[in-house]
Amino acid sequence: MPKGGRKGGHKGRARQYTSPEEIDAQLQAEKQKAREEEEQEEGGEGATGEPRKEKKSLDSDESEEDDEDYQQKRKGVEGLIDIENPNRVLQTTKKVTQLDLDGPKELSRREREEIEKQKAKERYMKMHLAGKTEQAKADLARLAIIRKQREEAARKKEEERKAKDEATTAGKRMQSLSLNK
């Protein structure tokens, strides 16, 4: 049994092609029908309706393009209900001359957060260098303690060195005295 569950398919059928003249004739008929419907909707305004018809015939090239965009064949209930999707964004192509490069650029959430984080870090470093943050105060206190310890260690070394020098000089004096005897 072939795929799809039925024997034979559409592939063996003869294809029918519509000629471009027939397509144009169908489009013209649809446009004419739309014009007649518009005139009927306007009511009994025959005087204003006729010049409008002449005006359309004069600008037939432009009006045909507008009618094609405006008059699309709608399926199902779409013809009865005229609703536009507010979430649908129409794609428009912009020319290079229309682009506004100098205007303010919209940043994404991640970019904004990154910039805010950098600014906060810079503010904190300024405060830290000024000694206004608690961490800076703790660091300065620790540094003061370390300086005192180093000064005391340096003083002790100096005293030990002096004591050693005195001991060596005293030892040399004793040797020189003992040699002189």
Side-chain angles (χ1 to χ4, degrees), residues 1-6 9-11 15 20 23 27 30-31 34 38 41 59 61-181:
M1 192 172 198
K3 288 184 182 178
R6 57 189 133 130
H10 65 282
K11 293 192 176 189
R15 295 183 180 162
I23 294 173
L27 288 174
E30 287 177 9
K31 289 177 188 175
E38 286 180 10
E41 287 177 7
D59 298 333
D61 294 338
E62 294 176 15
S63 64
E64 286 176 10
E65 293 173 3
D66 293 340
D67 287 346
E68 287 176 13
D69 293 339
Y70 179 73
Q71 192 74 4
Q72 294 178 349
K73 204 165 199 177
R74 298 182 176 184
K75 299 176 185 173
V77 194
E78 285 183 7
L80 301 174
I81 303 170
D82 193 25
I83 297 175
E84 188 173 325
N85 185 355
N87 296 327
R88 181 176 177 221
V89 178
L90 295 175
Q91 301 254 342
T92 57
T93 55
K94 290 186 177 181
K95 296 181 181 177
V96 175
T97 56
Q98 293 175 342
L99 292 176
D100 186 21
L101 298 175
D102 297 333
K105 183 182 171 189
E106 291 290 325
L107 299 175
S108 68
R109 179 185 56 84
R110 287 185 180 171
E111 291 172 337
R112 278 194 312 267
E113 288 176 357
E114 188 68 29
I115 290 170
E116 289 173 6
K117 189 185 287 184
Q118 287 175 354
K119 287 181 180 179
K121 192 173 186 179
E122 288 174 10
R123 279 193 306 263
Y124 180 80
M125 288 306 293
K126 285 181 184 178
M127 297 285 283
H128 187 75
L129 291 174
K132 294 182 179 177
T133 61
E134 292 190 21
Q135 186 178 3
K137 291 175 184 175
D139 289 344
L140 290 173
R142 198 176 322 115
L143 284 174
I145 292 170
I146 292 172
R147 280 188 191 134
K148 287 180 184 178
Q149 290 174 350
R150 287 183 181 168
E151 287 174 5
E152 289 174 10
R155 193 177 323 117
K156 285 181 182 177
K157 267 190 180 177
E158 187 67 30
E159 289 174 4
E160 288 175 5
R161 191 174 51 82
K162 284 182 184 178
K164 189 176 180 184
D165 285 343
E166 289 176 10
T168 54
T169 54
K172 285 183 183 179
R173 284 186 201 153
M174 292 288 242
Q175 278 183 350
S176 63
L177 288 177
S178 62
L179 290 175
N180 289 337
K181 289 186 181 173

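The residues of the chain are indexed from 1 along the displayed sequence.
Proximity of Asp139 to Arg142: side-chain heavy atoms (C-beta onward) are separated by under 4.5 Å at one or more points.
Scanning for side-chain hydrogen bond (donor to acceptor under 3.5 Å, both in side chains) contacts around Glu160 gives an empty result, with sequence neighbours left out. The side chain to side chain contact (heavy atoms under 4.5 Å, CB included) search around Arg147 returns none, not counting sequence neighbours.
Minimum interatomic distance between Lys132 and Lys137 (heavy atoms only, all atoms of both residues): O-CE, 4.0 Å. Across every non-hydrogen atom of Gly131 and Ala136, the tightest pair is CA-CB, 3.8 Å.
Residue-environment remark: CD (Glu158) exceeds the threshold of 12 foreign heavy atoms within 6.0 Å.
The line from CG of Leu140 to CD of Gln135 is 11.0 Å long, rounded to the nearest 0.5 Å. Note that CZ of Arg161 is 11.0 Å distant from OG1 of Thr168, once rounded to the nearest 0.5 Å. How far CZ of Arg155 is from CD of Glu151: 7.0 Å, rounded to the nearest 0.5 Å. Between the CG atom of Leu107 and the CD atom of Glu114 there is a distance of 12.0 Å, given to the nearest 0.5 Å. From Met127, atom CE reaches atom CG of Leu129 across 11.0 Å, with rounding to the nearest 0.5 Å. In this structure, Thr169 OG1 and Lys162 NZ are separated by 13.0 Å, a value rounded to the nearest 0.5 Å.
Salt bridge status for Arg109 with Glu113: present, with a side-chain N to carboxylate O gap under 4.0 Å.
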